Student: 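Below you will find the structure I want to go over with you.
Keep in mind the model is a prediction, meaning the values are calculated, not measured. FYI, side chains are in, hydrogens and waters are out, and symmetry mates aren't considered; it's all heavy atoms of this structure.
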Amino acid sequence: MFIDYYKVLGVDKKATEQEIKSAYRKLARKLHPDLNPNDKDAKKKFQEINEANEVLSDPEKRKKYDQYGENWKHAEEYQNAGQYQGQPSDAGRQTFTWSQGEGEFSDFFESLFGGMGGTGRGRQIKYRGEDYSAELHLDLTDACETHQRTLTLHGDKIRITIPAGIENDQTIKIAGHGGKGRNGGPNGDLYITFKIASHPKFRRSGNNLYTTVELDLYTAVLGGEITVNTLNGKVKLKVKPETQNGSKIKLKGKGFPVYKSKGEYGDLYITYMVQIPVDLTDRQRELFSELSKSHK
Amino acid sequence: MISAAEFCECHHIEISFIDSLKEKGLIELASIEETQYIRASQLHILEKIVRLYYDLDINIEGIDAVINLLQRMEDMQHEIALLKNRLRLYEEPEGWEY
């Protein structure tokens with residue numbers, strides 16, 4: 001598909017080199033991936049303006065583009081017929097180097113210019129590899145322990161350590177595990193975003209956990225001892241007499257591990273749900289009735 | 001660690017650029033026997049600074065502001081993620097009573 005590079009940069013076909021440069025810079029300041037982290041649209045547009053600039057800022061490429069651009073499918077034939085003698089020149093050009101990897105120029109560009117793209121700061125540039133993004137799904141119980149996982153990405157196995165206490169939607173960077181650099185440039189980075197599934201019994205808010213515990217009426221009224229589940233084991237709890245339905249208690253240090261703070265934990269908040277007895281016997285109903293009268 | 005000279009050679013930049021970044025407090029260098037080294041932890045930010053400076057023509061003071069704003073943006077995104085997680089407490093599927 002023909003790409004109108006003038007339109008991409010928003011300049012006139014008669015634009016001077018300076019006008020092209022300044023239009024490109026203006027757009028680049030808006031769309032540069034360093035200024036738009038994790039914005040795929042901006043990255044795509046940035047690649048488009050980069051490509052447009054690659055062509056329009058190079059007098060030879062621009063000449064060829066103006067001459068054959070719309071008939072790009074036949075450009076090779078024209079070239080073979082000796083109508084195009086130009087050699088690639090890098091005079092006065094500058095193309096950004098961010099994640100410009102192979103295959104990032106359009107088919108249109110590749111057909112017209114082959115693999116001539118990307119001269120960077122006037123010399124052969126070392127391209128940094130592309131950054132990769134991936135999602136990793138964990139259970140809440142997985143996220144509460146530091147553990148290792150092996151990921152397979154583009155055929156490569158990567159072993160990563162996931163620190164306990166990682167948050168849902170938190171992203172960590174694994175340096176050097178992105179796309180391979182070109183011309184000796186460094187590899188890109190791998191960004192992993194963690195998606196932590198909800199737990200059926202525990203809710204998490206930061207480092208604190210919340211749960212509800214059913215309490216039978218008799219223990220709630222008279223007090224006693226119960227065993228409750230925490231995320232990593234059972235604990236015994238003393239229940240005060242006359243504990244109200246919906247009352248909350250805090251178990252200090254029984255919450256979620258604090259990210260990258262070994263030995264530190266949040267708290268576990270328990271809400272008691274008092275269970276009203278059902279299927280009462282006649283005798284029990286009598287006793288409740290007596291209780292009720294004694295209360296009046 | 002990578003020596004500052006080697007980094008400059010790779011990126012086709014002058015060593016004086018690294019010196020001015022150090023002077024302005026944008027990066028920290030380690031000195032070993034009169035050779036200046038860049039720590040691995042600083043490499044990512046330094047590469048970003050190089051791109052902003054050479055690709056976008058942003059001066060060092062401007063880069064300082066940009067880096068600070070990007071950091072604030074990242075902090076806010078993290079905060080949004082935390083708040084979304086808290087919001088989930090109130091938007092859990094049925095079966096959760098609290």
Student: Step through the shown structure and confirm whether more than 12 heavy atoms of other residues, nucleotides or ligands are within 6.0 Å of CD on A:Glu145.
Tutor: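 Count not over threshold, so no.
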Student: Would you mind checking which part of B:Glu74 comes under 4.5 Å of any heavy atom in chain A, side chain (CB onward), backbone (N, CA, C, O), both or neither?
Tutor: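 Contact with chain A: none, neither part.
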Student: Show every donor-acceptor pair shorter than 3.5 Å between a side-chain atom in residues 14-25 of chain B and any protein atom, with sequence neighbours excluded, or say none if there are none.
Tutor:
| residue | atom | partner | partner atom | Å |
| --- | --- | --- | --- | --- |
| B:Ser20 | OG | B:Ser16 | O | 3.0 |
| B:Ser20 | OG | B:Phe17 | O | 2.8 |
| B:Lys24 | NZ | B:Glu61 | OE2 | 2.8 |

Student: Tell me the closest heavy-atom pair linking A:Arg25 and B:Tyr54, and the distance in Å.
Tutor: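 Heavy atoms of A:Arg25 and B:Tyr54 come nearest at NH2-O, 4.5 Å.
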Student: Nearest 0.5 angstrom please: A:Lys21 NZ to B:Asp57 CG, how far?
Tutor: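 Between atom NZ of A:Lys21 and atom CG of B:Asp57 there are 7.0 Å.
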Student: Using the test salt bridge (charged side-chain N to carboxylate O under 4.0 Å, His left out), find all partners of A:Lys44 that sit at least two apart in sequence or belong to another chain.
Tutor: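 A:Lys44 satisfies salt bridge (charged side-chain N to carboxylate O under 4.0 Å, His left out) with A:Glu48 once adjacent residues are dropped.
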Student: Examine distances only and state if a side-chain atom of A:Asn168 and a backbone atom of B:Asn85 form a donor-acceptor pair shorter than 3.5 Å.
Tutor: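 It does not hold such a pair.
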Student: Using a 6.0 Å cut-off, check whether atom NZ of A:Lys254 has over 12 heavy atoms from anything other than its own residue.
Tutor: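 Count not over threshold, so no.
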Student: Check the surroundings of atom CD in B:Gln71: do more than 12 heavy atoms from other residues, nucleotides or ligands lie under 6.0 Å from it?
Tutor: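 Yes, because the 6.0 Å sphere around CD of B:Gln71 holds more than 12 heavy atoms from other groups.
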Student: Heavy atoms only, distances under 4.5 angstrom: which of B:His78, B:Glu47, B:His44, B:Arg86 has the most pairs with chain A? Name it, please.
Tutor: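 Among B:His78, B:Glu47, B:His44, B:Arg86, the one with the most close pairs to chain A is B:His44.
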Student: Sort A:Leu35 into side chain, backbone, both or neither according to what part of it lies under 4.5 angstrom from a heavy atom of chain B.
Tutor: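 Interface part for A:Leu35: both.
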Student: Does NZ belonging to A:Lys30 count more than 12 external heavy atoms closer than 6.0 Å?
Tutor: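 Incorrect, the count does not exceed 12.
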Student: Using the side chain to side chain contact (heavy atoms under 4.5 Å, CB included) rule, pick out the option among B:Leu52, B:Ile67, B:Ile49, B:Leu56 that qualifies with A:Asp34.
Tutor: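 In the set B:Leu52, B:Ile67, B:Ile49, B:Leu56, the residue that makes a side chain to side chain contact (heavy atoms under 4.5 Å, CB included) with A:Asp34 is B:Leu52.
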Student: Got a salt bridge between B:Lys84 and A:Asp169, using NZ or NE/NH1/NH2 to carboxylate O under 4.0 Å?
Tutor: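 A:Asp169 and B:Lys84: not salt-bridged.
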